[in-house]
Amino acid sequence: MILPFTQGDTIAIAVADGVGAALAADGDATLELDATQMSAALAEIEQTLSPRWIWWSTDTARFLVADGLRPARCWDLDAVHRLLVGGWRGGAGRIWAHRRGLDTSELPQVAAPDLFSQPVDDDPAEALRPDGHLDPAWIDGLWRSDVGHLRTWAALALDVHHWQVDELERLPERPAASGTARSESAAALLCAELEADGLPIDVAEAERIIASFIGPRPRDGADEARLAAERDHLVLQHLPGPLGDLDLRNPAGVKSLLRRVGIEVPDTRAWRLERLRGEHEIVDALLTWRKAERISTTFGYRWLDQHVGPDGRLRGQWSPSDGAAGRMTATAGLHNMPAELRPAIVAEPGHVFVRADLGQIEPRILAAVSNDDALAAATWDDDMYAPVAARLGVTRDVAKVAVLGAMYGQTTGHGAVALRGLESAYPTAMAHLEAAARQAERGDDLRTRGGRLVRMSSNEPDAEPGDEPERAARSRAAARGRYGRNAMVQGAAAEFFKTWAAIVRARCAPIDAHIVLCLHDELLLHSLTDCADVAAQIVTDGVQEASHRWAGGTEVRFVADTSVIARWSDAK
DNA sequence: TGCGGCTATTG
DNA sequence: CACAATAGCCGCAG
């Protein structure tokens, strides 16, 4: 096929069912594709030119991944929008309104179909409405539209891309923002791949582990209820007197249950009950019950059935930057799977896992974002809490709690004394955190080192002054302060992590090793056994490349612990 | 039926 | 039990 593009092009791509349009950024070269040529043409463009693909949203990435394509580079307008504007909301209408400086508080909606309206078959001819907004009906029509409309869609993507590039370069004091935009885009693409690939799981092993908590798989609903009642009885049998309608799933009921055996607690959380195991035999039974109940409801047979495919892969939905500071999130328990289930995460025959986690990532990030020379010097130690402890004249554990407390905004408790030591030993880092907290308390927006806006203004219900007690207002301001203070560290750590992940993804493209899990500071790769040593080297070297790219110019050292293992639980 | 509270799990 | 997340069940208001 004769391609109209040249090496180094940036190419906007818009796809629908069986139709596609690709448009080069620096000219008017276009390629219109139908179902018969699309896969082959896109693969050829990728292979020969390796362009940076521009698309409106990760839906396009999902489409291409489902088609067997693994693009090397992209620019995800949605991901970059969230970086620039903060929050989790995106979508073409909002992106466009922001690019044109239009009011985003009331974006045009597609009229909801009701009993009286006729289904509309004719889509609007123009993408833009007279008021400048994108017409949502036109966007909806894209999916059943012709290639000409997709060409317009791609051209609009190019327009937004150019504008985003300019915006990022104009951000004051954020020279790395354009790089963040690229790694955030890569992370979004990686999310599409994680959704498609899934995490290898040994279902038989998972069922053995689940059975060890709640017994074999129930035959039906009645059987399940009977087994649950038996578990309840193991707790309730310790209780003297009549049971009434006591429900172990009701915290108030558990509280009164404990009161009946002479135990008074403000709440019934496990860490609190843990210390009361010796008080009465029912406490131990209750804690065992809680563990089983957790497996039964959240990580039991239903969980396996719902999220594991016939290919033995556990799949969830991935978001590249949900929430406060832009960490990756995942559903289906991929981010909070109990440690007891990890032995079931097993590499397939002929494969191994390459697992690596960043060591002490948050305090190292703090040293980088605050430009604190003394704290940066501490990062040259493999265990940076050791030099901090020496400098403060406290034990390592106290130093660790103090540093974490400073980043989370703790003001009371054991770490509070050492906190004052931190202020004199590392004044630059502490002042950086304090400034972020003050700004957030006022309700002013923050921006991470890599350029992500952390919105403080839009998150709160706007209360009239005086219609809330002074104490509550102060407590909420303090909460905002802790949130903002932590977002500077957690958000920058998320940016560093995604830079690392993007590098690893790119370097592993030529070999048979793929990222199958991202866990905030940990990467898990599924690798052909023969490639594992190469993959492990890529992962380890990737940390150095990420620190050069993300924290170039600072004297902060980042470290990773890498191992090649057969199952997830084999890691140290 | 939707929402806040409580609980558990992870980084 | 600080910061973040997903997810389940319960009680309660509408």
Side-chain angles (χ1 to χ4, degrees), chain A residues 88 213 228 232 245-255 265-275 286-300 302-303 306-307 316-342 345 357-363 365-366 400-416 419 433 436-437 440 446 448 452 454 459 461 475 478-494 496-497 517-524 568 571:
Chain A
W88 58 271
F213 286 96
D232 290 3
D245 53 357
L246 203 57
D247 183 359
L248 292 173
R249 291 155 196 84
N250 181 352
V254 174
K255 228 162 132 176
V265 279
D267 62 67
T268 71
R269 289 181 171 84
W271 66 268
R272 207 184 286 281
L273 299 184
E274 198 64 47
R275 287 179 279 186
L286 181 61
L287 288 168
T288 304
W289 179 90
R290 280 262 175 87
K291 196 84 196 169
E293 179 74 3
R294 169 92 173 144
I295 296 290
S296 168
T297 57
T298 309
F299 290 102
R302 200 174 297 111
W303 171 70
Q306 281 173 355
H307 300 113
Q317 291 168 337
W318 286 80
S319 165
S321 68
D322 233 6
R327 295 211 298 194
M328 292 170 83
T329 66
T331 64
L334 287 160
H335 275 179
N336 57 351
M337 190 187 304
E340 291 95 331
L341 279 161
R342 291 189 178 194
I345 306 303
D357 72 296
L358 301 169
Q360 303 169 342
I361 182 63
E362 292 199 335
I365 288 285
L366 172 60
K400 179 180 175 178
V401 168
V403 171
L404 292 174
M407 291 187 295
Y408 290 149
Q410 180 183 273
T411 51
T412 58
H414 206 62
L419 210 57
L433 292 171
L446 302 165
T448 62
R452 178 176 301 277
V454 177
N459 271 334
S475 145
R480 281 199 302 275
R482 292 194 301 271
Y483 176 99
R485 166 195 294 262
N486 182 252
M488 294 298 93
V489 178
Q490 191 188 100
F496 184 95
F497 176 80
L517 191 72
C518 295
L519 198 44
H520 308 315
D521 66 348
E522 176 177 350
L523 278 175
L524 195 66
W568 196 13

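In this text, all values refer to a predicted model and were calculated from it rather than measured experimentally. Below, chains carry the letters A, B, ... as their sequence lines are ordered, and counting in each starts from 1.
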Can you tell me how far [atom2] of [N] sits from [atom1] of [X], to the nearest Å?
X: A/Trp88; N: C/dT6; atom1: CH2; atom2: P; value: 11 Å
X: A/Asp267; N: C/dC10; atom1: CG; atom2: P; value: 19 Å
X: A/Gln317; N: C/dA5; atom1: CD; atom2: C1'; value: 15 Å
X: A/Met328; N: C/dT6; atom1: CE; atom2: C1'; value: 15 Å
X: A/Arg480; N: C/dA4; atom1: CZ; atom2: C1'; value: 18 Å
X: A/Ile365; N: C/dC3; atom1: CD1; atom2: C1'; value: 15 Å
X: A/Phe497; N: C/dA4; atom1: CZ; atom2: C1'; value: 15 Å

**Asked** A/Thr268 and A/Arg290: side chain to side chain donor-acceptor pair (under 3.5 Å), yes or no, with the steps?
**Response** CA-CA 11 Å; A/Thr268 71; A/Arg290 280 262 175 87; 2.9 Å; yes
**Non-neighbouring partners of A/Lys255 that pass side-chain hydrogen bond (donor to acceptor under 3.5 Å, both in side chains), sequence neighbours left out** =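 Not a single residue meets the side-chain hydrogen bond (donor to acceptor under 3.5 Å, both in side chains) criterion with A/Lys255.
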**Asked** With respect to the side chain of A/Trp271, which nucleotide from C/dC1, C/dC10, C/dC3 is positioned closest?
**Response**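 Selected nucleotide: C/dC1.
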**Message:** Going 5' to 3' along DNA chain B, which are the first and last nucleotides with any atom under 4.0 Å from a heavy atom of chain A?
**Reply:**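 The contacted stretch runs from B/dC6 to B/dG11.
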**Item:** Minimum side-chain heavy-atom gap A/Ile365-A/Phe496 below 4.5 Å
**Value:**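 Contact flag for A/Ile365/A/Phe496 side chains = yes.
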**Item:** Any A/Phe299 side-chain heavy atom under 4.5 Å of A/Glu340 side chain
**Value:**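 They are not in contact (no side-chain heavy atoms under 4.5 Å apart), so the answer is no.
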**Request:** For A/Ser319, check side-chain contact (heavy atoms from CB on, under 4.5 Å) against everything at least two apart and list the hits.
**Result:**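 Here the qualifying residues are A/Asp322, A/Thr329.
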**Prompt:** Does A/Tyr408 have any side-chain contact (heavy atoms from CB on, under 4.5 Å) partners at least two apart in sequence or in another chain, and if so, which?
**Reply:** A/Glu362, A/Leu404, A/Asn486
**Item:** With sequence neighbours excluded, residues passing salt bridge (charged side-chain N to carboxylate O under 4.0 Å, His left out) with A/Arg269
**Value:**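 With neighbours one apart ignored, the set is A/Asp267.
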How is [X] classified with respect to the nucleic acid when contacts are heavy atoms under 4.0 Å: base, sugar-phosphate, or nothing?
X: A/Ala339; result: sugar-phosphate
X: A/Ala252; result: nothing
X: A/Met407; result: nothing
X: A/Arg290; result: sugar-phosphate

Below 3.5 Å between N/O atoms, which protein atoms pair up with nucleotides 7-9 of chain C? Just atom names and distances, please.
unit_1: C/dA7; atom_1: OP1; unit_2: A/Ala332; atom_2: N; d: 2.9

**Asked** Between A/Arg327 and A/Asp521, is there a salt bridge with N-O shorter than 4.0 Å?
**Response** no
**Message:** Determine whether a donor-acceptor pair (one donor, one acceptor, N or O, separation below 3.5 Å) exists between the side chain of A/Arg327 and the base of C/dA4.
**Reply:** yes
**Prompt:** How about A/Glu274: does its CD atom have over 12 heavy atoms from other parts shown lying under 6.0 Å from it?
**Reply:** yes
